[in-house]
Structures are given as structure tokens and as C-alpha cells.
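Quick notes on the structure that follows.
Remember, it's a predicted structure, so these values are computed and weren't measured experimentally.
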Amino acid sequence: MENAGNPTPLLTARQAGLVACTGCGRVHVQGVERCERCGAHLSSRDTTSLQRVWAWWIAGLIIYFPANLYPMLITNTLGTEYKNTILGGVIELIDHHSYFVAGVVFFASIMIPVGKFIAIAYLAYSVRHRATMSDHGRQVLYEVVEFIGRWSMIDVFVVAILSSLVQFNFVANIHPGIAAISFALSVVFTMLSAQSFDPRMIWDAEEAATE
């Protein structure tokens, strides 16, 4: 009963001399260069991970500004041209009492991208500095960012569908603005930033503390 309050620390794969393939998950003995199942390069930690994370993150942040400043949608109706930015579109939807659609657009086009930027930056910063969130919490945060990345193109999909369907010559035409391209690139860059992050580094601080 003497060790009841001091549970035995878990043995990590790296401490056991093992390394898992990030491509297929097969476990190998450290020292093997290529995965025997899928041929991917094996490494206990990706030493260049953070450099790629910050590079893609900065690129995504830079391109996100024109995505909000320039028009996302250009509408021509009976010779009159209307240009709508993301926020302008949300305000116009509110004026037309389409509160639910306005909320979806605001959440998907502003809240989620900004939240992803903050989450990725926090994860990259926390592996080199003292973190306020637990290791498990940061792992969950990483998985959430990875999951929502593929659903961040709602605006681009809507603009593409409208542009292909609404083409009535002089009566009505819809064309994507430069913000659509910028927004799509920003989403791609943040997805690459999240995918470049090596989540195994989250647990390194706790592993070092137990040694």
C-alpha cells in the first residue's frame, strides 16, 4: 500500500526503443529507416516540424487578410454590379432577417478560421514553452483542428455552385471575387500547417519530467 499514491509512470514507445510509422501506424524497433509496410520514412520525432508549421501558418495568415478585405462574390443584376465581402454578406443576410444563414456564414468563414490560427499557434508555442493546458487537452485540440480543416471551404463551395448555376447573361450573373481564391489558399495553408505539426512533441515535456 506504500505506492498507492505514487502510480508507476507509463513507459513510452521512445523509452522502450520503438518508433511508430506516422503513415500506417506499424511499430518498428528504433534504427529502422523505412516502414516495412508502407515504405514511409521513420523518425522518433520530426525535427523540422515546427519550422514548417510556422511557415505555413504565416502564409495562411497573410493571405487571410485579402480574403476578408476584397469581395467574395460579385453579382450583376440588370446591369448593376454588387460586391460583397464575407462580413458584408453576413450583414446583408441579417438585414434580410436570414439570421440562421448569417450565423452559419459568420461561424464557418470568420470564427473557425480565426480559431484555427489561434489553436495552431498555441500548439506550436506550447511544445517549447510552459503550457497552461494539459497534454491530453492539447492532443484533443490538435485532433479537433485536424478534423474541422476539411470543412472550412463552405464559402468557396457556395460561391462555386452559384457561379456555375446563375448565369443569365444581362439579367443576372454571379462571379467569384478575388477573396474566394484568397480564402481557399488560406484554408489550404492552415491545413498544411496543422498536418506539419508532430503531435508526439506534446508529450515530450511530461516524458522529460518523469526521467
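- In this view, H97 and Y99 satisfy the side chain to side chain donor-acceptor pair (under 3.5 Å) rule, not counting sequence neighbours.
- The structure places CG of D135 at 13.0 Å from CE of M201, a figure rounded to the nearest 0.5 Å.
- Summarising the geometry, atom OH belonging to Y125 is positioned 13.0 Å from atom CG belonging to L50; distances are rounded to the nearest 0.5 Å.
- Every residue meeting the side chain to side chain contact (heavy atoms under 4.5 Å, CB included) condition with I118, not counting sequence neighbours, appears here in chain and number order: V114.
- For the atom pair N68 CG and L87 CG, the distance stands at 8.0 Å (nearest 0.5 Å).
- For M133, the CE atom counts as densely surrounded, since its 6.0 Å shell holds more than 12 non-hydrogen atoms of other residues, nucleotides or ligands.
- Residues I63 and Y70 do not share a hydrophobic cluster, defined by chaining ILVMFWY side chains whose heavy atoms lie under 4.5 Å apart.
- The neighbour count for W56 CH2, taken as heavy atoms of other residues, nucleotides or ligands under 6.0 Å away, does not exceed 12.
- Side chain of S109 to backbone of I86: no donor-acceptor contact under 3.5 angstrom is found.
- In this structure, the side chain to side chain donor-acceptor pair (under 3.5 Å) partners of Q139, at least two apart in sequence or on a different chain, are E143, W203.
- Clustering ILVMFWY residues whenever any of their side-chain heavy atoms sit less than 4.5 angstrom apart, transitively, puts L69 in a cluster other than the one holding M111.
- Remark: W57 CH2 to L61 CG distance equals 5.0 Å, nearest 0.5 Å.
- We find the CZ-CZ distance between F197 and R52 to be 12.0 Å, quoted to the nearest 0.5 Å.
- Under the 4.5 Å side-chain heavy-atom criterion for Ile, Leu, Val, Met, Phe, Trp and Tyr, V145 and V140 are members of the same hydrophobic cluster.
- Residue-environment remark: OH (Y122) exceeds the threshold of 12 foreign heavy atoms within 6.0 Å.
- A search for side chain to side chain donor-acceptor pair (under 3.5 Å) contacts involving S126 returns R138, not counting sequence neighbours.
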Output a table of donor-acceptor pairs, distance under 3.5 Å, between side-chain atoms of residues 179-187 and any protein atom two or more places apart or on a different chain; print 'none' if there are none.
residue	atom	partner	partner atom	Å
S182	OG	I178	O	3.2
S186	OG	G60	O	3.1

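- Under the 3.5 Å distance criterion, the side-chain polar atoms of S49 are matched with a main-chain donor or acceptor of S196.
- Judged as a side chain to side chain contact (heavy atoms under 4.5 Å, CB included), and not counting sequence neighbours, the contacts of A59 are F189.
- When all heavy atoms of A124 and V53 are compared, the pair lying nearest together is CB-CG1, 4.0 Å.
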